[in-house]
Amino acid sequence: MAEPRTNESMEKIVSLCKRRGFIFQSSEIYGGINGFWDYGPLGAELKRNVKELWWRSMTQDRGDVAGLEATIIMHPKVWEASGHTSTFSDPMVDCLLTKKRFRADQIEPQSGVVFHFCDAVEAAAAISNANETIHSLPDGEQKEALLGGVQKAVQLLRNALKVPRDKVVQPMELVGAFINKYGRRGRSLERSFSVLVASETDSARAERVAQQFYEQQELIAPIPRLAKREPVKNSKGFNPEEGPGKGAELTPPRLFNLMFKTYVGPVESEENIAYLRPETAQAIFAQFKTVLEVSRQKVPFGICQIGKAFRNEINPRNFTFRSREFEQMELEFFIRPDEVVQAIYGRVASAGEVANLEPRTTNNQQPTTPDTTAWGWEAWHKYWVEQRIRWYENIGLPRSTLVEYWQQPEELAHYARATVDILFKFPFSKRDDQGELTGEELEGIAARSDFDLSQHQRFSGKPMGVFDEELKVAWAKLDETTKKDLWRRYHDARLKYLTKSGVPAEQAARDATADADGLAKGQYIPHVIEPSAGVDRLLLALICHAYSEDQAPDEKGKPETRVVMRFHPRVAPIKVAIFPLLKNRPELVRKAGEVRELLRPHMTVFYDEVGAIGRRYRRQDEAGTPFGVTIDFDTLGEKGPELKDTVTLRDRDSMKQERVRIGDLLPLLLEKVR
Ligand code: GAP
């Protein structure tokens with residue numbers, strides 16, 4: 001995606017996704033459900049490929065990560081320990097007019113003039129009042145204004161009573177008819193309401209919006225009473241969306257917990273409440289000790305999981321980017337605390353030492369194992385940032401499309417030591433001052449200290465620490481000054497955590513001392529580095545990056561626009577398409593069937609014999625199929641024995657065709673798609 005893209009291209013992408021069956025709305029026949037998406041045949045294949053590649057790179061390609069597949073609903077205590085029950089909330093605001101809900105922190109600041117209305121009076125009351133006073137007023141401005149008000153009120157009553165345009169009715173007759181129909185209830189309403197408009201001259205629009213608001217409050221023909229108007233700058237207090245509610249006042253922000261609630265068992269009571277998991281990570285922490293034991297791993301090692309997560313997002317948006325049901329691919333990589341590394345190796349390697357690291361690779365090359373001796377959290381964090389970016393490159397997202405964003409200290413979660421977000425430059429991303437796309441988060445890589453395991457230890461009462469023989473042996477050999485120094489540092493870190501978590505001071509002091517004493521026995525709670533990626537966001541990034549248009553000749557040689565999904569062959573939903581040149585020649589069809597059966601056990605194959613060959617190529621270009629194999633008369637040996645059993649292999653991107661022996665096809669393709 002070299003060229004900056006616009007939201008126009010986003011529209012084309014969404015439409016292609018639907019047309020070709022990559023992604024469409026969930027429950028579409030019922031009008032869809034906001035924030036939920038289904039993957040069609042091509043999307044499902046793409047998704048499986050991405051998950052499979054991630055899983056392989058995390059588990060099979062390395063020896064130090066074990067997999068887990070945990071349940072979506074877990075014991076509610078898990079979410080108390082993780083902090084989700086109390087703090088997993090977004091500030092939300094509601095439009096007072098349209099009731100649309102927004103995330104307060106995502107509202108674009110707006111400037112203009114605010115019209116404050118103190119309340120509204122029903123038009124009937126306004127006419128009656130005017131009727132009583134108008135005769136006693138001398139001619140002049142005040143009388144003019146009152147007459148103007150009456151005219152407006154008359155119009156409102158005519159609308160409310162649906163009086164035909166050409167029918168002449170006296171104002172007081174209208175008042176009588178109105179009261180007959182609606183009664184005198186609610187003739188005025190004391191409820192303030194404000195509207196932001198671009199300038200003073202938009203007063204009529206402000207009044208119209210206010211009128212709608214007071215109508216909703218059961219004033220049938222309301223005349224809003226203006227209290228004051230004032231200029232405002234960069235306000236986040238008004239509906240930002242184009243449409244009838246634009247500029248209407250928003251409620252003050254309220255916190256809204258994003259977890260989906262349900263009940264376990266037949267009784268819908270408080271004690272049966274459970275949650276759909278908002279992240280897959282917590283199951284890994286909760287099962288840490290079990291997986292450690294059964295997998296016979298030693299720290300440093302990781303546990304990874306792919307699975308569904310659910311968040312009741314206030315404002316799902318940008319196609320699948322922010323959904324309410326989505327999938328995550330998460331790794332918790334457990335490491336020794338720096339004090340332990342220092343005790344064992346006498347030093348802690350800095351992040352700089354891993355900067356030029358040769359990566360392990362999934363690219364059919366021999367994986368290289370880095371020397372991780374003496375790596376502390378900074379080195380491991382840096383390593384995982386680099387690994388993850390290389391993985392994205394490996395599946396077809398060049399580094400130039402990604403941004404490595406280091407969160408500022410004030411943005412970090414309180415337990416995080418550092419977090420790097422890997423952003424992808426989506427077409428809908430904002431642009432910076434230079435016009436460059438700034439990118440949106442694909443994945444976060446956080447150094448989370450020992451916070452999560454410590455929380456689960458406190459809430460479950462089960463020990464989450466590990467025994468490390470190397471530490472025990474090394475500790476015994478340390479001199480007293482080093483022991484004291486390391487003991488103090490570990491103690492202080494534990495005390496800080498315990499105090500911040502609300503453990504009473506005396507107990508926190510006792511626990512921190514016990515934890516630091518544990519070092520001598522080879523015991524500690526591991527720290528963790530967490531690369532956490534979203535499958536759906538990655539798919540959207542791959543689709544956005546793959547989408548391209550170029551010019552190619554049609555059947556008659558005339559140039560036409562070609563839509564091509566330039567997926568990397570590794571992720572492409574269909575790897576190869578098989579085309580017999582003509583469907584009414586049984587020899588061609590039989591041979592094409594043989595080629596299909598040859599390739600099918602090894603990759604996704606699509607067989608297509610319908611339509612002109614050019615059209616068939618185009619259909620596969622749109623699906624992102626990187627290779628096309630055509631079986632023609634040469635294949636049958638009709639033009640000479642030297643071409644017998646050869647096929648044309650077409651490359652999707654260059655559209656170049658080469659002649660390949662059927663016997664060479666499988667190894668040639670396998671090399672490209674793996
Ligand atoms: N365990 C850490 C964690 O869950 P997160 O930043 O909240 O961190 C990780 O989520 C990733 O999950 C994000 O980088 C994103 O790719 C994906 N994700 C989060 N919320 C999402 C949503 N509403 N829709 C789609 N993907 C989402």
Side-chain angles (χ1 to χ4, degrees), residues 23 26 33-37 39 47 50-51 54 68 70 72 74 78-79 81-84 87-90 92 103 105-106 256-260 275-286 288 302-333 384-385 388-389 391-392 397 402-405 407 411-413 415-416 418-424 426 428-429 439-449 451-453 455-456 528-544:
I23 306 173
S26 159
I33 168 166
N34 197 8
F36 296 87
W37 299 94
Y39 290 83
K47 206 172 190 196
V50 165
K51 290 194 286 184
W54 184 90
L68 177 71
I72 284 169
M74 293 189 279
V78 168
W79 308 113
S82 67
H84 283 83
T87 60
F88 191 56
S89 330
D90 280 337
M92 60 160 197
R103 250 177 72 172
D105 53 336
Q106 286 174 350
F256 171 77
N257 193 296
L258 300 184
M259 284 198 293
F260 278 101
Y275 301 95
L276 304 193
R277 68 182 176 202
E279 60 172 25
T280 60
Q282 291 307 318
I284 297 180
F285 296 121
F288 164 70
I303 305 175
C304 69
Q305 171 161 229
I306 300 179
K308 289 268 188 185
F310 302 81
R311 296 183 189 177
N312 199 359
E313 297 285 356
I314 294 170
N315 217 357
R317 65 194 172 119
N318 287 332
F319 200 18
T320 57
F321 181 81
R322 190 173 299 286
S323 309
R324 289 181 165 138
E325 175 175 338
F326 56 97
E327 270 186 281
Q328 289 186 314
M329 306 184 287
E330 296 200 292
L331 166 69
E332 304 301 329
F333 196 78
W384 277 112
V385 172
R388 297 300 304 136
I389 292 179
W391 185 77
Y392 285 117
L397 292 182
L402 304 172
V403 178
E404 182 182 324
Y405 176 75
Q407 284 190 11
E411 295 173 277
L412 291 174
Y415 47 78
T419 298
V420 169
D421 291 334
I422 299 178
L423 317 179
F424 174 77
F426 283 99
F428 50 78
S429 298
E440 311 287 331
E441 181 185 325
L442 276 190
E443 166 160 0
I445 300 152
R448 296 173 66 103
S449 68
F451 174 79
D452 304 274
L453 288 181
Q455 286 289 97
H456 286 295
V528 75
I529 307 291
E530 179 193 71
S532 167
V535 181
D536 309 75
R537 280 192 190 174
L538 174 52
L539 248 69
L540 188 57
L542 288 168
I543 288 171
C544 290

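Any value given below was found using the heavy atoms of this structure, including those in side chains, with hydrogens, waters and symmetry copies removed. All values reported here derive from a predicted model rather than from experimental measurement. Every number for a ligand or one of its atoms is a count from 1 in the order of the listing.
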Looking only at protein heavy atoms, which one is nearest to atom 17 (C) of ligand 1, and how far off is it? Gly534 CA, 3.7 Å
Protein residue, atom and distance nearest to atom 18 (N) of ligand 1, heavy-atom basis: Phe326 CE1, 3.5 Å
Aromatic ring proximity Phe319/Phe321, centre distance under 6.0 Å: no
For Glu441, atoms of ligand 1 separated by under 4.0 Å from a heavy atom: 6 (O), 13 (C), 14 (O)
For Glu330, the ligand 1 atoms whose distance to one of its heavy atoms is below 4.0 Å: 1 (N), 2 (C), 3 (C), 4 (O)
Considering heavy atoms of the protein only, find what lies nearest to atom 12 (O) of ligand 1 and give residue, atom and distance to 0.1 Å. Gln328 NE2, 3.2 Å
Here the atoms of ligand 1 under 4.0 Å from any heavy atom belonging to Ala281 are 1 (N)
Which of the ligand 1 atoms, numbered from 1, are nearer than 4.0 Å to a heavy atom of Glu530: 1 (N), 2 (C)
Validation row: Glu443, Tyr392 side chains within 4.5 angstrom (heavy atoms): yes
Look at atom 25 (C) of ligand 1 and say which protein heavy atom is nearest, naming residue and atom and giving the distance to 0.1 Å. Phe321 O, 3.2 Å
What is the closest protein heavy atom to atom 5 (P) of ligand 1, and at what distance does it sit? Arg311 NH2, 3.9 Å
Ligand 1 atoms in contact with Ser323 (distance to a heavy atom under 4.0 Å): 22 (C), 23 (N), 24 (N), 25 (C)
Taking only heavy atoms of Glu279 into account, list the atoms of ligand 1 that are under 4.0 Å away from them. 1 (N), 2 (C), 3 (C), 4 (O)
Leu442 near ligand 1, heavy-atom distance under 4.0 Å? yes
Distance to 0.1 Å, residue and atom name: give those for the protein heavy atom nearest to atom 9 (C) of ligand 1. Ser532 OG, 3.0 Å
Taking atom types as modelled, is there a side-chain donor on Asp536 or Tyr39 under 3.5 Å from an acceptor on the other? yes
Ligand 1 contact by Glu327, heavy-atom criterion under 4.0 angstrom: no
